[in-house]
Amino acid sequence: MSIHIVALGNEGDAFHQDNRPSGLIRTYLGRSPLVSGDESSLLLNATSTVARPVFTEYQASAFGNVKLVVHDCPVWDIFDSDWYTSRNLIGSADIIVIKYNVNDKFSFHEVKDNYIPVIKRALNSVPVIIAAVGTRQNEELPCTCPLCTSDRGSCVSTTEGIQLAKELGATYLELHSLDDFYIGKYFGGVLEYFMIQALNQKTSEKMKKRKMSNSFHGVRPPQLEQPEKMPVLKAEASHYNSDLNNLLFCCQCVDVVFYNPDLKEVAEAHKIVLCAVSHVFMLLFNVKSPADIQDSSIIRTTQDLFAINRDTAFPGASQDSPGNPPLRVIVKDALFCSCLSDILRFIYSGAFQWEELEEDIRKKLKDSGDVSNVIEKVKCILKTPGKINCLRNCKTYQARKPLWFYNTSLKFFLNKPMLADVVFEIQGTTVPAHRAILVARCEVMAAMFNGNYMEAKSVLIPVYGVSKETFLSFLEYLYTDSCCPAGIFQAMCLLICAEMYQVSRLQHICELFIITQLQSMPSRELASMNLDIVDLLKKAKVAKWSHIMGPRTDSDS
């Protein structure tokens with residue numbers, strides 16, 4: 001009998017990594033009297049961590065003869081780079097441990113906002129332990145003002161940890177240090193209690209199966225052989241960053257044009273991408289108001305750097321631009337404006353390649369003071385409202401997980417009317433979207449919006465052959481490059497939608513998910529599902545042709 005434990009998160013302090021103590025799981029395995037195992041078994045996967053750094057596997061014996069398997073995943077990238085492995089790890093776990101350092105509030109909120117919802121979807125009814133590790137530094141008394149509840153100091157408070165535990169139905173522990181008391185008696189006691197509960201449950205289920213087998217005296221049905229393993233599909237590599245980076249150079253769906261102080265055009269861009277990166281652009285394009293942001297430094301940066309020109313007699317304005325003409329923005333700072341093309345390329349490529357940005361700016365501005373001045377303005381643009389600018393050390397930030405967006409993400413704008421310039425009509429309801437993202441991520445959408453079709457000139461576009469839920473999942477993939485089907489049926493529906501719009505990587509992800517699920521099913525369960533693959537393919541073709549042959553004007557191709 002074995003117990004599987006999955007530990008997620010990094011309990012080390014991101015700002016003091018040189019003096020970081022030993023890991024929580026490794027320390028427990030080495031000190032607990034109930035766990036036995038030599039050094040080679042505890043470091044079972046140490047040699048493979050270089051090739052696969054997302055998790056380390058430990059094996060030991062607990063309670064004498066119980067096999068203990070621990071997967072320690074300190075890097076949350078496993079949910080982005082290998083979603084299927086992470087989902088299988090969580091699904092097969094008997095106990096889940098989530099760790100974080102109380103002095104790394106940025107990582108805590110990143111995990112809480114981006115990854116805890118994913119864990120909740122994949123979580124079975126297994127016990128969860130949340131371990132808050134470390135002693136809080138520079139802890140201040142919590143402010144009772146309602147406006148300060150989003151950020152109380154630089155440490156993760158006990159209240160925030162308890163609230164996270166309530167969301168997951170977990171047990172919350174605070175470990176001020178990784179010594180014998182906190183590891184052996186405090187954390188170890190809770191972990192070993194859940195280990196005993198897992199053993200009791202497994203023993204009870206095993207006895208129940210044995211009793212049912214012994215009590216059956218009728219004619220045994222024929223034993224169905226397991227089907228041969230289906231081929232494993234190789235998932236296509238993500239091209240999310242390159243798609244959005246190419247959007248800057250293709251000049252499609254441009255809705256904002258920047259001008260220098262002499263009213264000469266400098267660069268073209270897209271509001272949706274700029275707003276997804278920075279609250280400065282949210283404020284500039286009226287996505288948020290000063291009352292929403294409540295940060296004087298962001299408001300001041302917006303006013304000092306940019307000004308919107310709505311003059312109809314503007315010398316650079318096009319008199320025959322179809323539809324809504326692009327918004328004209330004057331860049332007040334001449335040095336910043338001279339480097340604007342490099343700054344936009346930096347933003348579109350993910351807003352984390354600091355060394356490349358500094359090198360590009362240094363080539364244009366010979367003076368080191370001017371270079372520092374422009375870099376500081378870029379940091380102000382990426383600032384989070386209400387927080388101290390944590391981009392002071394660019395190299396430290398670049399060493400962290402490079403999120404595509406710094407302050408928010410494109411998911412913030414998914415199915416929301418802000419900056420939307422197209423509306424899809426599905427099953428009697430409407431779904432707002434943004435042409436720039438659709439064109440960048442889907443070649444069929446790009447042809448549809450730029451070709452001789454009615455969709456290129458229409459704001460309201462009907463969609464046939466898919467449900468609203470499936471289409472929203474499809475849009476979520478286009479906006480975030482992530483796909484988390486709830487089951488085989490939803491994956492099949494999403495596969496049909498990906499086939500309709502010819503998004504090959506999403507097709508591969510759905511196919512791989514379906515094959516993985518089918519491989520793990522017993523023969524009888526698979527037979528009871530009554531999946532008709534031929535009928536499914538027919539529905540896919542019908543849906544595809546109904547989408548292609550939807551209502552069009554006579555002049556459409």
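At distances below 3.5 Å, at least one donor-acceptor pair connects side-chain atoms of Ser349 with backbone N or O atoms of Phe346. Here the side chain of Gln303 pairs no donor or acceptor atom with the backbone of Arg300 at under 3.5 angstrom. A distance-only check finds no donor-acceptor pair linking the side chain of Lys383 to the backbone of Lys379 [under 3.5 Å]. Remark: side-chain polar atoms of Ser278 are not paired, donor with acceptor, to backbone N or O of Cys275 under 3.5 angstrom. Proximity of a side-chain donor or acceptor of Asp360 to a complementary backbone N or O of Leu357 within less than 3.5 Å is not detected.
Two residues are said to be in side-chain contact when any heavy atoms from C-beta on lie closer than 4.5 Å; Ile361 and Ile375 meet this criterion. A heavy-atom distance below 4.5 Å is not found between the side chains of Val459 and Val422. Annotation: side chain of Met500 is in contact with side chain of Val466 (closest heavy-atom distance under 4.5 Å). Residues Leu8 and Val111 have side chains not in contact (no heavy-atom distance under 4.5 Å, counting atoms from C-beta outward). Two residues are said to be in side-chain contact when any heavy atoms from C-beta on lie closer than 4.5 Å; Leu284 and Ile308 meet this criterion. Between Leu283 and Lys288 there is no side-chain heavy-atom pair separated by less than 4.5 Å. A heavy-atom distance below 4.5 Å is not found between the side chains of Asn10 and Tyr100. Residues Phe474 and Leu506 form a side-chain contact, since some pair of their non-hydrogen atoms from C-beta on lies under 4.5 Å apart.
Between atom SG of residue Cys483 and atom CD1 of residue Ile509 there is a gap of 5.5 Å, rounded to the nearest 0.5 Å. To the nearest 0.5 Å, the span separating CD1 on Ile130 from CD1 on Ile162 amounts to 10.5 Å. Taking CD1 of Ile496 as the reference point, atom OG of Ser467 lies at 10.0 Å (rounded to 0.5 Å). Summarising the geometry, atom SG belonging to Cys497 is positioned 10.0 Å from atom CG belonging to Leu472; distances are rounded to the nearest 0.5 Å. Atom CD1 of Ile272 and atom CG of Asp255 lie 9.0 Å apart (nearest 0.5 Å). We find the CZ-CG distance between Arg345 and Leu340 to be 10.5 Å, quoted to the nearest 0.5 Å.
Taking the charged nitrogens against the carboxylate oxygens, Lys377 and Asp304 have no contact shorter than 4.0 Å, which rules out a salt bridge.
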task = Could you give me the CA-CA distance, side-chain angles and deciding distance for Asn245 and Ser242, then say whether side chain to side chain donor-acceptor pair (under 3.5 Å) is met?
result = CA-CA 5 Å; Asn245 201 10; Ser242 61; over 6 Å; no
inquiry  = For Asn241 and Tyr348: C-alpha separation, side-chain torsions, deciding distance, then whether side chain to side chain contact (heavy atoms under 4.5 Å, CB included) applies.
reply    = CA-CA 8 Å; Asn241 287 352; Tyr348 275 71; over 6 Å; no
key: Trace of the side chain to side chain contact (heavy atoms under 4.5 Å, CB included) decision for Ile129 with Tyr172   = CA-CA 6 Å; Ile129 300 174; Tyr172 175 74; over 6 Å; no
task = Just do the side chain to side chain contact (heavy atoms under 4.5 Å, CB included) check on Cys510 and Met492 with the steps written out, would you?
result = CA-CA 7 Å; Cys510 293; Met492 288 179 173; over 6 Å; no
key: Criterion side chain to side chain contact (heavy atoms under 4.5 Å, CB included) on Phe336 and Ile343, from CA distance to verdict   = CA-CA 9 Å; Phe336 187 89; Ile343 296 171; 3.5 Å; yes
request  = Start with the C-alpha gap between Glu167 and Lys112, add the side-chain angles, then the distance that decides, and say whether salt bridge (charged side-chain N to carboxylate O under 4.0 Å, His left out) holds.
outcome  = CA-CA 10 Å; Glu167 294 179 11; Lys112 181 176 181 295; 3.8 Å; yes
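Side-chain atoms of Thr159 and Ser157 form no donor-acceptor pair, as typed in the model, at a separation below 3.5 Å. Under the 3.5 Å distance criterion, with hydrogens and angles disregarded, a donor-acceptor pair is assigned to the side chains of Ser341 and Lys364. Looking at Ser504 and Gln507, their side chains never bring a donor and an acceptor atom within 3.5 Å of each other. Counting only N and O atoms by type, the side chains of Thr470 and Ser473 include no donor and acceptor under 3.5 Å apart.
Closest of all the heavy-atom pairs between Cys155 and Glu160 is O-OE1, 4.0 Å. The minimum heavy-atom distance linking Asn415 with Val431 is given by the pair OD1-CG1, 3.6 Å. Minimum heavy-atom separation, Ala93 to Ile96: CB-CG1, 3.9 Å. Closest heavy-atom contact between Gly386 and Asp295: N-OD2, 2.7 Å. Smallest separation of non-hydrogen atoms from Ile330 and Asn260: CG2-O, 4.0 Å. Between His270 and Val256, the shortest heavy-atom contact is N-CG1, 3.8 Å.
Atom NZ of Lys332 sits in a crowded spot, with more than 12 heavy atoms from other residues, nucleotides or ligands closer than 6.0 Å.
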Less than 3.5 Å apart, which donor and acceptor atoms pair up between the side chains of residues 433-450 and the rest of the protein, not counting sequence neighbours?
from: His434; atom 1: ND1; to: Tyr479; atom 2: OH; distance (Å): 2.7
from: His434; atom 1: NE2; to: Met418; atom 2: O; distance (Å): 2.8
from: Arg435; atom 1: NE; to: Asp421; atom 2: O; distance (Å): 3.3
from: Arg435; atom 1: NH1; to: Glu455; atom 2: O; distance (Å): 3.4
from: Arg435; atom 1: NH2; to: Ser458; atom 2: O; distance (Å): 2.6
from: Arg441; atom 1: NE; to: Leu478; atom 2: O; distance (Å): 2.8
from: Arg441; atom 1: NH1; to: Asp243; atom 2: OD2; distance (Å): 2.9
from: Arg441; atom 1: NH2; to: Tyr477; atom 2: O; distance (Å): 3.2
from: Arg441; atom 1: NH2; to: Asp481; atom 2: OD1; distance (Å): 2.9
from: Asn450; atom 1: ND2; to: Ala446; atom 2: O; distance (Å): 2.7

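Tested against Val280 for a side chain to side chain contact (heavy atoms under 4.5 Å, CB included), the candidates Ile299, Ile298, Leu382, Leu305 yield a single pass: Ile298.
In this structure, Lys411 is not positioned above the aromatic face of Phe413 in the sense of NZ or CZ being under 6.0 Å from the six-membered ring centre and within 45° of the axis.
By the 30° and 60° cut-offs, the orientation of the rings of Phe281 relative to Phe306 is tilted.
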